[in-house]
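Okay, so here's the structure we're looking at.
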Amino acid sequence: MTEIPDFKKAQAKALEVLDQFGYTTPPVDPVKIARDLGIRVFFADFKDEDDKISGFFFAEKNEIYVNKHEYPQRQTFTVAHELGHKFLHEDWLKSSNYQVLLREPSPSIAKDPKEKEADAFAAHLLVPKSMLDQYHKFASIEELAKLFMVSIPVIRTRLKFEYGK
C-alpha cells in the first residue's frame, strides 16, 4: 500500500511551532528555533559527491548539518525541512530506514511521502498563510521572497497553494 503524505498534519505542526515560538511577522528563523529546542545546527563543507546534499538530521546527536555552499535561502529551507522531519518523523529519523538524500534524488525517492511532508512543514513554517495574508496583495514575488527570506519558487508555491495565483 502506498503511503500518502499528510499535508494537513505538516501544516498544523508548523503552525503549532510558530505559535510556540511567538512568530507573527516574517522572517521566521528556523536555525534559532532549532537551537532553542536544543538542536545543534552546523554549516558544513560537504565534499565531492556529498556536495549534492543540502542537509540532513543526525538524530543520535540531535544535530542538523547544512551544506555551507548552498545559497542562504536554500540553507534556511533545508533547516526548516529537517525540523519537519524532527517533528513529524522522529521515529523514522532514528531508524535504519532513514537515508540522506541528494538535492535532486531519483523520481521514486522524490515522491517519498515523508519528504513531501517535510517540504510542506518547511513551507508553512517559513511562509505561513497568516503572514502571507498581510503582504501578498501589495508586494511583488521578489519582495515577498526577500521579506520571508526564502526563494522565489517557495513564494510562488505558497501563493498558488493559498490563493490560486
In one Ile/Leu/Val/Met/Phe/Trp/Tyr side-chain cluster, 4.5 Å: Y135, F161: no
Residues forming a salt bridge (Lys or Arg N to Asp or Glu O under 4.0 Å) with K129, sequence neighbours excluded: D133
Side chain to side chain contact (heavy atoms under 4.5 Å, CB included) between K86 and N62, intermediate numbers included: CA-CA 9 Å; K86 171 75 172 170; N62 208 31; 3.2 Å; yes
Under 3.5 Å, side-chain donor or acceptor atoms of residues 30-42 against the rest of the protein: list the pairs with distances, not counting sequence neighbours.
| residue | atom | partner | partner atom | Å |
| --- | --- | --- | --- | --- |
| K32 | NZ | D36 | OD2 | 2.8 |
| R35 | NH2 | V41 | O | 3.0 |
| R40 | NE | E63 | OE2 | 3.2 |
| R40 | NH2 | E63 | OE2 | 2.3 |

Spatial distance of atom CD1 (I64) from atom CG (L83) [nearest 0.5 Å]: 4.5 Å
Hphob cluster co-occupancy, M149 + V17, side-chain heavy atoms under 4.5 angstrom: no
Closest non-hydrogen atom pair between F148 and L126, with its separation: CD2-O, 3.2 Å
Within residues 135-157 or reaching into it, pairs that qualify as salt bridge (Lys or Arg N to Asp or Glu O under 4.0 Å) - sequence neighbours excluded: none
With E16 via side-chain hydrogen bond (donor to acceptor under 3.5 Å, both in side chains) - residues at least two apart: K13
Geometric class of the H136/Y163 ring pair [parallel <30°, tilted 30-60°, perpendicular >60°]: parallel
For the student: nearest non-hydrogen atoms of R158 and P128, plus distance: NH2-C, 3.9 Å
Over all atoms of both residues, closest heavy-atom pair of I4 and P113: C-CB, 4.2 Å
Among T157, V127, V28, side chain to side chain contact (heavy atoms under 4.5 Å, CB included) partner for V150: V127
Distance-minimising heavy-atom pair for A80 and F121: O-CD2, 3.4 Å
Set of residues satisfying side-chain contact (heavy atoms from CB on, under 4.5 Å) with respect to Y71, sequence neighbours excluded: Q73, R74, S151
Geometric class of the Y65/F58 ring pair [parallel <30°, tilted 30-60°, perpendicular >60°]: tilted
Flag for H85-E117: side-chain donor and acceptor within less than 3.5 Å: no
ring-ring contact (aromatic ring centres under 6.0 Å, His included) pairs, two or more places apart, involving residues 5-35: none
